[in-house]
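The next block holds one structure in the form of structure tokens; read it before the comments.
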Number of protein chains: 2
Amino acid sequence: MSRPDTPVYLQLRDRLRAWIEAENLSSQHRLPSERELAQRFNTTRVTVRQALAQLEADGRIFRSNRRGWYVTPERLRYDPSRDVGFNQYVTDQGYTPRTETLSKQLIEAPAWLSAVSGLEQGAPVYQILRRRYVDTRAVLVEHNYINPAHCSGLLSENTDASIWALFRDRFGLHPQHRQLEIYSLALKQPEADALGVSHGAAGLYIQRLSHDQQGTFLELDREYWLHDALKIVVNVGEPMAP
Amino acid sequence: MSRPDTPVYLQLRDRLRAWIEAENLSSQHRLPSERELAQRFNTTRVTVRQALAQLEADGRIFRSNRRGWYVTPERLRYDPSRDVGFNQYVTDQGYTPRTETLSKQLIEAPAWLSAVSGLEQGAPVYQILRRRYVDTRAVLVEHNYINPAHCSGLLSENTDASIWALFRDRFGLHPQHRQLEIYSLALKQPEADALGVSHGAAGLYIQRLSHDQQGTFLELDREYWLHDALKIVVNVGEPMAP
DNA sequence: CATAATATGTGGTATATACCAGTTTTGGCT
DNA sequence: AGCCAAAACTGGTATATACCACATATTATG
């Protein structure tokens with residue numbers, strides 16, 4: 001299969017991957033320590049870490065700060081184009097969701113928000129910052145910017161559940177058009193810290209800009225995900241004929 | 001700004017980032033060699049490579065095998081939900097596209113394709129493998145699986161241009177429904193080699209499953225992108241009122 | 001028995017060094 | 001000029017080692 005002169009760290013990567021797939025079915029299982037792996041495979045920690053970095057990039061293992069390496073759980077399937085709440089998604093797929101509202105306040109729209117939303121600069125905007133968990137793992141932080149025009153009093157509501165459920169059931173708001181932006185990046189200071197990973201960890205950025213039936217700005221959502229925590233599934237166009 | 005005990009490789013990362021942003025506007029510019037950076041910043045190559053890996057993860061620089069590190073061009077904006085050709089996208093954004101058809105053949109649908117498309121296993125399917133460039137940089141490889149039912153003779157056409165243009169203009173086919181899947185992964189042997197990067201390099205996977213007005217399978221597209229080469233922009237729902 | 005101090009284990013950061021495998025440049029030759 | 005071999009240069013891989021910061025387990029102490 002592989003040439004005999006395959007680099008040590010790739011051999012190690014493949015052996016670890018096979019070991020993870022064969023022996024160990026459960027997620028969140030802890031790998032042997034780097035030192036132990038180095039000894040067991042008769043190499044050095046530096047080389048072991050090269051192999052681990054490969055598996056991390058592939059989303060098969062993740063690190064918990066100074067505690068060790070763990071097998072990554074299955075990716076969460078996620079459709080950012082539908083207004084179904086995170087909690088429901090996670091529950092439907094057999095996991096336990098958790099949401100923490102880190103802050104919520106009324107702010108004045110900064111220039112960049114004005115540019116993408118069409119709001120006047122300095123106009124009042126609700127800002128909600130939340131952290132979401134799948135089981136015990138923090139997988140994303142979310143920045144919400146909401147037009148208070150049609151949902152005054154939103155900040156008094158419980159924002160640990162679905163904001164879209166509030167929009168629908170309490171304020172009668174329905175998004176008509178959404179623009180999604182998705183790209184990979186390295187997580188920086190605030191988001192990386194909030195997710196308990198180191199600066200520079202691989203992340204996926206999802207931005208969702210929603211307008212209502214009249215074409216007025218409803219909400220801007222900026223989500224910073226761990227890159228290995230999700231698989232985006234979007235349906236576009238009419239559903240198929242039966 | 002940063003504490004005085006910030007690790008060397010992060011200081012170096014930030015200095016390089018600042019240098020890239022300030023001094024150097026042009027993309028594809030080559031960075032000094034690792035050894036020169038190590039000397040200039042009075043550290044070792046290992047530490048320099050940590051800093052470079054951070055900038056690579058952030059998509060600001062990329063490596064060309066044993067030739068050096070280069071400043072990453074702007075990301076291509078890409079909407080996989082529209083049937084507009086790659087060549088047009090790239091041209092519209094001021095770059096020069098190029099497409100190579102690596103192979104095209106009639107194959108029998110394997111089990112996995114049957115599972116997602118609804119075709120019978122073993123049914124004939126066109127398979128087209130292409131590599132696409134933005135300017136001189138190979139940014140993705142694309143695996144197309146096309147239902148020959150409504151477009152026989154497709155393989156005789158020139159597949160270096162848009163397949164969707166062929167569908168539209170020559171066969172009168174229009175996709176009605178699409179399912180997109182997007183997630184990050186590490187590029188493996190065949191795709192990494194085709195893109196001239198090393199195995200394990202960060203990539204973005206985009207899968208597009210298209211059905212026509214009658215709900216019959218049209219095409220499955222599997223795209224493997226360099227993670228830093230694109231920004232996905234998808235519009236969902238009716239356009240805004242004027 | 002609960003709590004605090006301590007020891008141990010873990011990944012995180014860093015230096016110094018060496019050789020390998022390709023790429024690019026150089027320099028000599030025709 | 002054009003060609004080709006040799007040299008220089010680049011990132012890729014690898015060993016050996018050391019210390020740090022934080023997490024957890026262990027032990028001493030009230």
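A, B, ... follow the sequence lines: proteins, then strands. Residue 1 opens every chain. The analysis underlying the following values was restricted to heavy atoms, covering all of them including side chains, and did not include hydrogens, waters or symmetry mates.
Between Phe86(B) and Leu140(B) there is a side-chain heavy-atom pair separated by less than 4.5 Å. In this structure, the side chains of Leu76(B) and Val139(B) stay at 4.5 Å or more apart for every pair of heavy atoms. Side-chain contact between Arg60(B) and Val71(B): absent, with no pair of heavy atoms (C-beta onward) separated by less than 4.5 Å.
Residues Glu100(A) and Arg130(A) are not paired through a salt bridge, judged by the lack of any N-O separation under 4.0 Å between the basic side chain and the carboxylate.
The nearest whole Å value for the distance from the CG atom in Leu37(B) to the C1' atom in dC9(D) is 14 Å.
Gln207(B) contributes no side-chain N or O that, together with a main-chain N or O of Ile182(B), makes up a donor-acceptor pair within less than 3.5 Å.
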How does protein contact run along nucleotides 5-14 of chain C, one letter per nucleotide 5' to 3', with B for base contact, S for sugar-phosphate only, - for none, heavy atoms under 4.0 Å?
-> -----BBBBS

